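The structure appears below as structure tokens.
What you are looking at is a predicted structure, and each value in this text was computed from that prediction instead of being measured. Residue numbers begin at 1 in each chain, while the letters A, B, ... track the order of the sequences.
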Amino acid sequence: DAKTTQPNSMESNEEEPVHLPCNHSTISGTDYIHWYRQLPSQGPEYVIHGLTSNVNNRMASLAIAEDRKSSTLILHRATLRDAAVYYCILRTLDSGGGADGLTFGKGTHLIIQP
Amino acid sequence: NAGVTQTPKFRVLKTGQSMTLLCAQDMNHEYMYWYRQDPGMGLRLIHYSVGEGTTAKGEVPDGYNVSRLKKQNFLLGLESAAPSQTSVYFCASSYRLAGVQYFGPGTRLLVL
């Protein structure tokens with residue numbers, strides 16, 4: 001499976017934009033880039049996903065590099081409720097008979113200062 | 001909709017005891033998953049199911065069994081609990097292969 005690399009932690013101030021980077025240099029053409037987040041003492045929560053083009057939804061934006069070897073999750077105006085661990089995960093529609101599960105790394109622990 | 005629910009929320013077991021964790025979803029999803037999360041780590045896939053009556057092994061299946069007798073329920077069993085199975089267990093469901101997964105709130109299990 002293609003791997004992702006994320007910083008262990010990042011800190012930002014409330015009401016400022018946050019850019020969370022993810023490197024995935026071995027990404028294949030069929031891999032979608034998914035982002036999940038896990039708030040303290042809760043299960044993971046889907047944030048956004050994309051393949052090649054930048055994506056926006058009510059929670060965040062996803063900027064994907066032209067060569068797809070990296071991506072950035074953008075929280076436009078962070079609040080204290082956005083403090084969580086953010087996971088960047090590659091998903092392929094062709095599992096090749098392998099297990100259809102999410103492969104979680106350690107993610108980025110986002111700290112929001114008031 | 002309740003989404004994905006898990007029972008119980010917390011349990012303490014003694015080594016060698018057995019128990020069953022229940023996951024239920026009301027979204028009519030075909031795919032269901034069991035993960036475990038150890039302190040400071042990401043989640044790891046234990047078993048999953050691609051439909052009623054089917055189950056398959058994930059990354060860390062040893063020591064666990066599962067059953068999917070009804071589409072809405074996915075059961076995770078520990079036949080003989082070990083301290084190494086102390087963890088937080090999350091269930092998830094999805095409407096399609098490689099689709100978005102919806103997670104439950106987790107079950108905290110302590111094995112003494």
Side-chain angles (χ1 to χ4, degrees), chain A residues 1-9 20 22 24 27-51 55 57-60 62 84-110, chain B residues 2-6 9-10 21 23-25 27 29-51 54-61 64 66 68 74 76 87-108:
Chain A
D1 289 338
K3 303 278 186 206
T4 62
T5 304
Q6 300 177 251
N8 288 334
S9 65
L20 295 165
C22 181
H24 27 79
I27 191 170
S28 73
T30 56
D31 285 336
Y32 283 75
I33 302 157
H34 284 238
W35 283 82
Y36 283 74
R37 72 179 185 180
Q38 187 173 20
L39 279 64
S41 300
Q42 293 189 26
E45 172 188 34
Y46 167 78
V47 178
I48 200 167
H49 77 281
L51 183 63
V55 184
N57 66 19
R58 63 174 181 82
M59 291 181 70
L62 176 60
V85 178
Y86 286 78
Y87 297 98
C88 170
I89 299 169
L90 300 183
R91 295 274 278 160
T92 180
L93 289 179
D94 177 14
S95 66
D100 174 42
L102 295 170
T103 300
F104 287 82
K106 292 188 177 181
T108 296
H109 184 199
L110 177 63
Chain B
V4 179
T5 57
Q6 293 183 232
K9 289 184 171 54
F10 177 69
L21 283 67
C23 175
Q25 52 95 4
M27 297 174 281
H29 286 171
E30 288 292 339
Y31 298 82
M32 295 188 75
Y33 312 82
W34 276 107
Y35 295 86
R36 62 176 286 174
Q37 184 174 32
D38 299 321
M41 305 291 289
L43 282 70
R44 291 184 293 169
L45 182 67
I46 304 172
H47 286 279
Y48 67 104
S49 168
V50 301
T54 74
T55 62
K57 294 180 180 179
E59 180 187 353
V60 288
Y64 305 96
V66 287
R68 182 99 182 269
F74 195 28
L76 178 71
S87 190
V88 181
Y89 292 85
F90 291 101
C91 176
S93 71
S94 176
Y95 61 95
R96 65 172 178 85
L97 180 69
V100 172
Q101 293 190 12
Y102 298 85
F103 286 81
T107 294
R108 282 162 176 73

Check each atom of [X] against the heavy atoms of chain A and say whether the ones under 4.5 Å are side chain, backbone, both or neither.
X: B:Arg44; answer: neither
X: B:Tyr102; answer: neither
X: B:Gln37; answer: side chain

Q | For the student: nearest non-hydrogen atoms of B:Ser93 and B:Met27, plus distance | A | OG-CE, 3.4 Å
**Q.** Counterpart residues, salt bridge (charged side-chain N to carboxylate O under 4.0 Å, His left out), relative to B:Arg36 (two or more places apart)
**A.**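 Partners of B:Arg36 by the salt bridge (charged side-chain N to carboxylate O under 4.0 Å, His left out) criterion, ordered by chain and then number, come out as B:Asp38.
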Q: List in chain and number order the residues that pass side-chain contact (heavy atoms from CB on, under 4.5 Å) with A:His109, two or more places apart in sequence or in another chain; answer none if no residue qualifies.
A: A:Ser9, A:Val85, A:Ile111
Q: Give a yes or no on whether the backbone of B:Arg68 and the side-chain of B:Ser49 come within a donor-acceptor separation of less than 3.5 Å.
A: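 Judged by distance alone, no pair lies under 3.5 Å.
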